[in-house]
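Data block below; observations after.
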Amino acid sequence: MSLKRQELIDTAIHLFSQHGFHATGIDWIADAAKVSKKTMYQHFRSKEELILAALRHQDGLFRNFFMKSVEQISSQPYARLLAVFDVARDWFADESFYGCMFINAVGEYSHGDTAIRRACQDFKAQMADYILKLARDAGVKQPEALAHSLALLLEGAIVTAQVAGDAKAADTAKQAAKVLLDNALLDKPPG
């Protein structure tokens with residue numbers, strides 16, 4: 001990937017996160033990246049193509065950061081499931097937290113089956129799959145049900161942190177997650 005293309009993606013991610021997708025125009029991105037619109041269009045044929053590139057790049061960056069952070073907290077599956085919410089709490093407290101870029105994108109591009117919507121769905125599915133892997137590693141009886149519940153708790157915490165400005169939403173979600181996890185472990189058959 002060319003340095004200029006990457007700079008445009010990084011600039012777009014910053015502006016989209018902070019100001020939204022519709023509010024951030026191509027002129028603004030080009031000015032912030034210090035390139036001409038012609039140069040921008042040499043790298044991206046449309047704003048939608050730039051949005052997709054930004055989402056895909058952010059997907060890799062965020063999931064890598066998130067999973068590494070969870071795994072650095074503990075090597076124990078039970079603790080890792082709860083660490084999901086510790087990592088979220090730290091993310092919410094960061095001054096660059098503007099909510100989830102993927103939730104925001106779906107909010108702005110909510111109609112129909114679009115490439116942008118599919119990119120957001122793919123990201124959320126991969127995050128849910130990671131939580132499912134952790135649930136399976138923990139050996140709970142119904143890992144799919146637990147993972148689904150924990151993923152919903154995480155999504156709710158993200159939205160609450162963004163909308164209400166409540167950085168402690170992750171702590172509340174973690175308390176509920178602990179109850180669900182403990183119940184799922186109690187349901188585990190002996191042996």
Side-chain angles (χ1 to χ4, degrees), residues 10 13-21 23 54-110 117 119-189:
D10 292 341
I13 288 171
H14 174 74
L15 293 174
F16 292 150
S17 296
Q18 198 168 10
H19 304 286
F21 294 90
L55 288 170
R56 288 184 185 120
H57 187 70
Q58 182 66 10
D59 176 334
L61 287 176
F62 185 83
R63 279 188 305 108
N64 186 43
F65 152 78
F66 197 88
M67 292 173 190
K68 276 186 176 179
S69 298
V70 166
E71 290 164 14
Q72 287 174 348
I73 290 173
S74 178
S75 62
Q76 300 301 312
Y78 178 95
R80 282 185 173 174
L81 277 167
L82 296 178
V84 163
F85 299 94
D86 296 329
V87 173
R89 181 191 60 235
D90 294 345
W91 175 41
F92 301 164
D94 190 281
E95 66 183 28
S96 66
F97 175 72
Y98 299 105
C100 173
M101 187 174 182
F102 300 90
I103 293 172
N104 296 343
V106 168
E108 291 192 48
Y109 293 91
S110 60
R117 188 172 185 81
C120 296
Q121 289 169 332
D122 289 346
F123 169 78
K124 292 299 182 179
Q126 290 181 53
M127 289 295 290
D129 286 346
Y130 177 65
I131 294 171
L132 175 58
K133 177 197 173 303
L134 295 176
R136 285 184 174 140
D137 290 348
V140 299
K141 183 177 177 187
Q142 296 180 336
E144 293 83 5
L146 177 64
H148 181 71
S149 296
L150 296 182
L152 283 174
L153 281 172
L154 179 60
E155 292 302 316
I158 293 167
V159 171
T160 300
Q162 179 182 6
V163 174
D166 181 1
K168 294 185 181 197
D171 293 329
T172 303
K174 182 179 178 179
Q175 291 170 0
K178 186 173 181 345
V179 171
L180 291 170
L181 179 54
D182 289 346
N183 286 339
L185 288 169
L186 287 174
D187 290 342
K188 189 177 160 186

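The structure displayed is predicted, hence computed values, not measured ones.
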d(L181 CG, L82 CG) to nearest 0.5 Å is 5.5 Å
Measuring only between side-chain heavy atoms, which start at C-beta, is L154 closer than 4.5 Å to I131? yes
| message | Working note: D59 + R56, criterion salt bridge (Lys or Arg N to Asp or Glu O under 4.0 Å); need CA distance, chi angles, decisive distance, verdict. | response | CA-CA 5 Å; D59 176 334; R56 288 184 185 120; over 6 Å; no
In terms of heavy-atom contacts, A177 and F85 come closest through CB-CE1, 3.4 Å
Rounded to the nearest 0.5 angstrom, the CZ-OG1 distance for F92 and T160 is 8.0 Å
Heavy atoms of R63 and F123 approach each other most closely as CG-CE1, 3.6 Å
ask   = Is the W91 to F62 ring centre distance short of 6.0 Å?
value = yes
Considering only heavy atoms from C-beta outward, does the side chain of M67 approach that of Y130 to under 4.5 Å? yes
d(K68 NZ, I73 CD1) to nearest 0.5 Å is 14.5 Å
Exercise for the section: May I ask you to check whether over 12 heavy atoms, not counting those of K168, lie within 6.0 Å of atom NZ? Expected result: no
Distance col, row T172:OG1 vs D166:CG, nearest 0.5 angstrom, shows 6.0 Å
Just so I know, are the side chains of Q162 and F97 near enough to count as touching, which here means a heavy-atom distance under 4.5 Å? yes
- request: Could you tell me whether the side chain of Q18 reaches within less than 4.5 Å of the side chain of Y98, counting heavy atoms only?
  value: yes
message = Whether the side chain of E144 engages the backbone of L132 through a donor-acceptor N/O pair (distance < 3.5 Å, no angle test) should be reported.
response = no
Heavy-atom side-chain proximity of D137 to R80 below 4.5 angstrom: no
Rounded to the nearest 0.5 angstrom, the OG-CG distance for S74 and L81 is 10.5 Å
Are any of the side-chain heavy atoms of Q58 and L55 separated by less than 4.5 Å?
no
Nearest heavy-atom approach of A157 to A169 is O-CB, 3.6 Å
One should read off an interatomic distance between R136 CZ and D129 CG, to the nearest 0.5 angstrom, of 8.5 Å
Scanning both residues in full, the closest heavy-atom pair of P143 with A135 reads O-CB, 3.8 Å
Is there a side chain to side chain contact (heavy atoms under 4.5 Å, CB included) between K124 and I103 once you walk through the steps? CA-CA 9 Å; K124 292 299 182 179; I103 293 172; 3.7 Å; yes
Closest non-hydrogen atoms of A54 and M101, given as atom of the first, atom of the second and distance, are CB-CE, 4.1 Å
### Message
Contact between D182 and Y78 at the side-chain level, heavy atoms closer than 4.5 Å - yes or no?
### Response
yes
Find out whether Q121 and V106 are in side-chain contact, i.e. whether some heavy atom of one side chain is under 4.5 Å from a heavy atom of the other. no
